[in-house]
Amino acid sequence: MAAATSTGSLSREKIENLTELEDIQKAYDQLCNDEKEVTEQLDNLLDEQPSLEGKMSTLHRMGPNLQLLQQDSEQLASMISFTCQLAENVSSKVRQLDLAKSRVQAAIQRADDILDLKFCTDGVQTALQSGNYEQAAAHIHRYLSLDEKVLKQSIPDAKEGSGIEHSLELLHKAEQELKVIINKEFDEAVANKDATAVDRFFKIFPLIGLRDEGLKKFTAYLCTQIANTSEQNLQIAIGTTSTERRAKVVYADTLTMLFEGIARLVETHQPLVETYYGPGRMLTLMTELQRECDTQARRVVDAFIKNRTYQKKAQQVQQCMMGRAAAEKPDPKELDTLLAEVTLINSRAELYLRFFRRRVTADFEVQYQEEDQRKEKLTELDRLVRTCGLSLCVQELTGDYILMEEYFLREMIMKAVSMDIMEEGSLTSSMVDDVFFILKKCIKRAMSSSNVDLVCAMLNHATTILESDFCEVLYSRLRQGFPSGFLDFTQAVNLMQSTIQQRKIASESTEDTKTAFLTTLNNAEACCENILLLKTSLEDECARHFPQAGEQGKAKLESCLSDLASLSHRFKNLLQEGLAELDSSAIKPQVKPWVATFHSFSHNISEEEFTNYEANDPFIENFVVNLQSLLDSFKGSLSPTIYDQLISHLTNQVTHQLERAVMKTVFNRLGGLQFDKELRSLVGYLTSVTQWTIRDKFARLTQMATILNMERVGEILDYWGQNSGPLTWRLTPAEVRQVLALRVDFRSEDINRLKL
């Protein structure tokens, strides 16, 4: 208040010193504003008075409760402090008891160890004397699990110590003696081919600390069995005569028996290894077995290459494909049998390697729980499978196989082409079915090998042979052309000159040439369909043969199959070129003179002539008869799809020639009506002979007929521009004026004044 009073007095002093009216007015206004603000503040304080009084009353009522709360809090803190101290005392007692318990357990354990030591010392001697090596090994295993240093530290006096020292010395000697005995007995069991004894002593090795040595000896024993069995099977295969039932695949069967024998050994002894040697040992076992498998597989493959003259045939094929004159051209039939055996070898090898990978991978899943470590081991396994001797043998065979399969495929396709015949009642010739049968056979044979790279190589070769060799055969037949059936003057002169120079006429008749050309068109269409069907069939085969192929393998197969399917476009282009040749050779020369007769009949006609045309149209009836005759000559020789395409080409020629004829003719109103009737008859006929829509091809002619039917020039504006509605004009404004000018009763001035 003192400050406010001081401020107010100063303000009064300032006011009293004011002399100017303007300054006094400003001071007055400021004081009014200050008064207004103070009034508002007082009003706000008065408004808050009830709320403040209520809060103060609440605080007064809470006073006694707060005192009680303080007392309860102090009491609770005291109880918590007491409980904490009590718990600390109890836990210290528990720790003391736990320490005592652990010491008692350690003492009991040491006592048990001393008792076990005594028991093992007595038991191992008895077991060795009685030949119970399993029991002796169990005692040694128990002894090896004891900590000698701990036992020596727990000895209370020298006398007892000397007894324990003596027991340890006896057990150590018994351990060395048992190791010598087990090694000797195992070697004797192997020499005597006693499988039961081998299994017996194999189980003892891990008990006496010889896991690695036992596994090594056992794998060597298994490898010896594999080698002996494989040698017997190979000698049987070499001695097999050609008349025996499985003579053609005897080497594939020999490898199959090798793989099956290894698989049986693994199936039989894997539980034994996992039980007595623990998980993680299958890779060691399988690696040693695989080395022996590589050795035996190489011997079988070498015998196959030698006795089947595999490399000699591959060299002959290579010389033939390079265009060199080989001493002896390989017989495709012999190659067929040889290639079938190679794919069987490849298939069996792939199946065995998948078994190898699956067995070791299952062991990794148990042994290695960490993902990174398991992936590292799997990478090592894949590297082992890729670089093993068996894989290298298969790759060696595969390289020559691809070369010979390509040669076989090309030779058989060319043979199918050379033996091509036209069967009665068929639109296509025999080579189409033969070629695609051969293609499917070769590709499926490659798929039976279960080798993705091999299949991709054959798909690429099949695509190349179809595109380069077979397509060229069809092209060469189409390039001979389609005989038109009539000669103009220039053609007659050329034929006479050719006759004089060559002094002979082609042996093939015109009808045979026509049939060959049309059959080639049907063949091209059939090839398009067969390629797509082949792709679909091969996709199903790939899904069946390669269910576990990786993403990369599937991408390779899809890419090769897509390339094969895209080849259908090449045959479609060939078909279109053939139709274009047919159009220029057979359709256009016929249609052009038929349409030219349109000029022979006036379209500037009278009522009487219009009535006569209704009864007997001189142009359209003959024209339709000619078209029917032309189409009938092709209908029985072409497939329905090609026949419809031919009608499309015919329609294009008719509309093109008829447009030109109309633009050279004059019309009156009745002539326009007559032309409209003729056009409708023509469209109706062509629509009836095809399943395709052809009305859009007559759009320009239809619009020309509409213009020629108009009663006056200005009527065109009712159909033009914004008034056209859904109609899309195919005629340009200049062409509309040209058509209007064909009407003899339309004045050129009216036509020129049109704003189109």
Give a yes or no on whether a salt bridge exists between [X] and [Y], defined as a side-chain N under 4.0 angstrom from a carboxylate O.
X: Lys313; Y: Asp400; value: no
X: Glu267; Y: Arg264; value: no
X: Lys415; Y: Asp434; value: no
X: Arg200; Y: Glu185; value: no
X: Glu541; Y: Arg544; value: yes
X: Glu334; Y: Arg308; value: no
X: Asp302; Y: Arg298; value: yes
X: Asp363; Y: Arg281; value: no
X: Lys216; Y: Glu213; value: no
X: Asp253; Y: Arg348; value: no
X: Arg410; Y: Glu406; value: yes
X: Lys248; Y: Glu341; value: no
X: Lys329; Y: Glu411; value: yes

State whether the side chain of [X] and the backbone N or O of [Y] hold a donor-acceptor pair below 3.5 Å, judged by distance alone.
X: Asp294; Y: Leu390; answer: yes
X: Thr343; Y: Leu339; answer: yes
X: Asn192; Y: Glu188; answer: yes
X: Ser559; Y: Ala555; answer: no
X: Thr520; Y: Ala516; answer: yes
X: Tyr407; Y: Ala314; answer: no
X: Thr240; Y: Ala237; answer: yes
X: Asn523; Y: Thr428; answer: no

Looking only at heavy atoms, which two atoms of [X] and [Y] are closest? And how far apart?
X: Leu285; Y: Thr219; result: CD1-CG2, 3.0 Å
X: Glu231; Y: Gln296; result: N-OE1, 4.5 Å
X: Cys320; Y: Pro330; result: SG-CD, 3.9 Å
X: Cys528; Y: Phe571; result: SG-CB, 3.4 Å
X: Cys442; Y: Leu409; result: SG-CD1, 3.8 Å

Are [X] and [Y] packed together at the side-chain level, in the sense that at least one heavy-atom pair is separated by less than 4.5 angstrom?
X: Asp420; Y: Val473; answer: no
X: Val317; Y: Leu335; answer: yes
X: Leu567; Y: Phe470; answer: no
X: Ile226; Y: Leu265; answer: yes
X: Asp212; Y: Phe205; answer: no
X: Val266; Y: Leu222; answer: no
X: Ile262; Y: Phe356; answer: no
X: Phe201; Y: Lys217; answer: no

Using the six-membered ring wherever Trp is involved, compare the ring planes of Phe259 and Tyr352 and label them parallel, tilted or perpendicular (cut-offs 30° and 60°).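 Because their plane-to-plane angle is under 30°, the rings of Phe259 and Tyr352 count as parallel.
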
Could you label the plane-to-plane angle of the Tyr251 and Phe304 rings as parallel, tilted or perpendicular, counting under 30° as parallel and over 60° as perpendicular?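 Answer is perpendicular, since the angle exceeds 60°.
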
Is it the case that atom [atom1] in [X] sees more than 12 heavy atoms from other parts of the structure closer than 6.0 Å?
X: Phe437; atom1: CZ; value: no
X: Glu376; atom1: CD; value: no
X: Tyr276; atom1: OH; value: no
X: Gln552; atom1: CD; value: no
X: Arg479; atom1: CZ; value: yes

Got a second to check how far Ile421's CD1 is from Ser429's OG, nearest 0.5 Å?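 Reported value, rounded in 0.5 Å steps: 9.0 Å.
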
For the atom pair CG (Leu397) and OG (Ser449), what is the distance rounded to the nearest 0.5 Å?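 Answer for the CG-OG pair, Leu397 versus Ser449, is 11.5 Å.
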
We want to know whether [X] and [Y] form a side-chain donor-acceptor pair, criterion being a heavy-atom distance below 3.5 angstrom.
X: Thr641; Y: Ser639; result: no
X: Asn346; Y: Thr398; result: yes
X: Gln270; Y: Glu274; result: yes

Run the side-chain contact (heavy atoms from CB on, under 4.5 Å) check on Gln290 and Met286 step by step: do they pass? CA-CA 6 Å; Gln290 185 57 42; Met286 295 293 289; 6.0 Å; no

Trace of the side-chain contact (heavy atoms from CB on, under 4.5 Å) decision for Glu292 with Glu288: CA-CA 7 Å; Glu292 186 62 33; Glu288 294 300 323; over 6 Å; no

Are the aromatic ring centres of Phe202 and His269 under 6.0 angstrom apart?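 That pair fails the under 6.0 Å test.
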
Does the structure place the NZ or CZ of Arg445 under 6.0 Å from the centre of the six-membered ring of Phe408, at an angle of no more than 45° from the ring's axis?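 The answer is yes; both the distance and angle limits are met.
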
